[in-house]
Structure formats: C-alpha cells, structure tokens
Amino acid sequence: MAELIQVQVCFAGATAQWLRDLTVEAGTTLEQAVAASGLLAEAPEIDLATMPVGIFSKKKTLDTVLREHDRVEIYRPLVADPKHARRRRKAGAA
C-alpha cells in the first residue's frame, strides 16, 4: 500500500478564492496535485503553461515532488507593479 500525504492546493482569483485539502500518494508532483484538486475545471482562468506555481511562496516547477503538509500555490499575474504602486501612494501622501 502506497504511503499517503496531506497537501493543500490554493488559488486566489480576481473574484473568488479556493483552498483544497487533499490526500495524495507520496511521490505526487505539484502538477498532479493541481489536477486532482479540481481547480482547473472550476477556475478556467488557470493556465499552468503560463502561470507560475510554488510551495509556501517559493516558486517551483510543475514536476516538483510534494512533501507532507506542502501548500501548493498558483500565482496569477500582478495587476500593478508593487514599486510603482508604492511610489504613487507616497506621492499622494506628500
């Protein structure tokens, strides 16, 4: 019998957020966990070919093997550059 591990898959879309707890076999890759979560069907804006993914805020590749209690994150593109947003806020406060 294969060893099972607990992981989470999360995605914050523009209008909704998803957090899925999964039990998967040891050796499961990041891409396999995302597919098993069902998010690709529920959030059609997710494109794993172009969107970066990671584990606990560290970018990883789709073939990364997951470990117990990993949190898989799918990152959407930034709407605004954080540096420019800070400059605009600072200019408005002065």
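No hydrogens, no waters, no symmetry mates; every other heavy atom, side chains included, goes into these values. Remember, predicted model here, so these are calculated numbers, not experimental data.
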Q: Roughly how far, to the nearest 0.5 Å, is CD of Q6 from OG1 of T23?
A: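 Going from the OG1 atom of T23 to the CD atom of Q6 covers 3.5 Å.
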
Q: Starting at CG of L30, measure out to OG1 of T64 and round the result to the nearest 0.5 Å.
A: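 Spacing of CG (L30) from OG1 (T64) equals 6.0 Å.
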
Q: For V24 and V7: C-alpha separation, side-chain torsions, deciding distance, then whether side-chain contact (heavy atoms from CB on, under 4.5 Å) applies.
A: CA-CA 7 Å; V24 296; V7 298; 4.0 Å; yes

Q: Which pair of heavy atoms, one from C10 and one from L19, lies closest together, and at what distance?
A: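 Residues C10 and L19, closest heavy atoms: CB-CD1, 3.6 Å.
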
Q: What closest approach, in Å, do W18 and G13 show between heavy atoms, and which atom pair accounts for it?
A: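 Closest approach of W18 to G13, heavy atoms only: CZ3-N, 4.3 Å.
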
Q: So, taking the atom named OG1 in T29 and the one named NZ in K60, what distance separates them when rounded to the nearest 0.5 Å?
A: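 Answer for the OG1-NZ pair, T29 versus K60, is 14.0 Å.
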
Q: Please check this pair: side chain of D47 against backbone of A49, looking for a donor-acceptor N/O pair closer than 3.5 Å.
A: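 Pair found, side chain donor or acceptor close to backbone of A49.
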
Q: Cluster question for you: counting only ILVMFWY and a side-chain heavy-atom cut-off of under 4.5 Å, with indirect links fine, are V72 and L48 together?
A: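 Yes, it is one cluster - the side chains of V72 and L48 are joined through contacts under 4.5 Å.
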
Q: How long is the span from the CE atom in M51 to the CD1 atom in I46, to the nearest 0.5 Å?
A: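 Result: 6.0 Å between the selected atoms.
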
Q: Counting only heavy atoms not in E68, do more than 12 fall under 6.0 Å of its CD?
A: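 Yes - once you tally the heavy atoms of other residues, nucleotides and ligands closer than 6.0 Å, there are more than 12.
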
Q: Just to verify, which of L66, V9, T28 counts as forming a side-chain contact (heavy atoms from CB on, under 4.5 Å) with L22?
A: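 Testing L22 for a side-chain contact (heavy atoms from CB on, under 4.5 Å) against L66, V9, T28 leaves exactly one candidate, V9.
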
Q: Looking only at non-hydrogen atoms, find the nearest pair between I55 and Y75 and report the distance.
A: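 Heavy-atom minimum between the residues: N-OH, 4.2 Å.
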
Q: Tell me the closest heavy-atom pair linking S57 and E73, and the distance in Å.
A: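 Closest heavy-atom pair between S57 and E73: N-OE1, 2.6 Å.
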
Q: Using a strict cut-off of less than 4.0 Å between a Lys/Arg side-chain nitrogen and an Asp/Glu carboxylate oxygen, indicate whether R20 and E42 qualify as a salt bridge.
A: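 A salt bridge is present here (some side-chain N lies under 4.0 Å from a carboxylate O).
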
Q: With a 4.5 Å cut-off on side-chain heavy atoms, are E31 and D63 touching?
A: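 Contact flag for D63/E31 side chains = no.
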
Q: Between the side chain of R76 and the main-chain N/O of A12, is any donor-acceptor distance below 3.5 Å?
A: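 A pair under 3.5 Å: yes.
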
Q: Spell out, yes or no, whether F11 and L62 are grouped together once hydrophobic residues are joined by side-chain heavy atoms under 4.5 Å, including indirect joins.
A: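 Yes, same cluster.
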
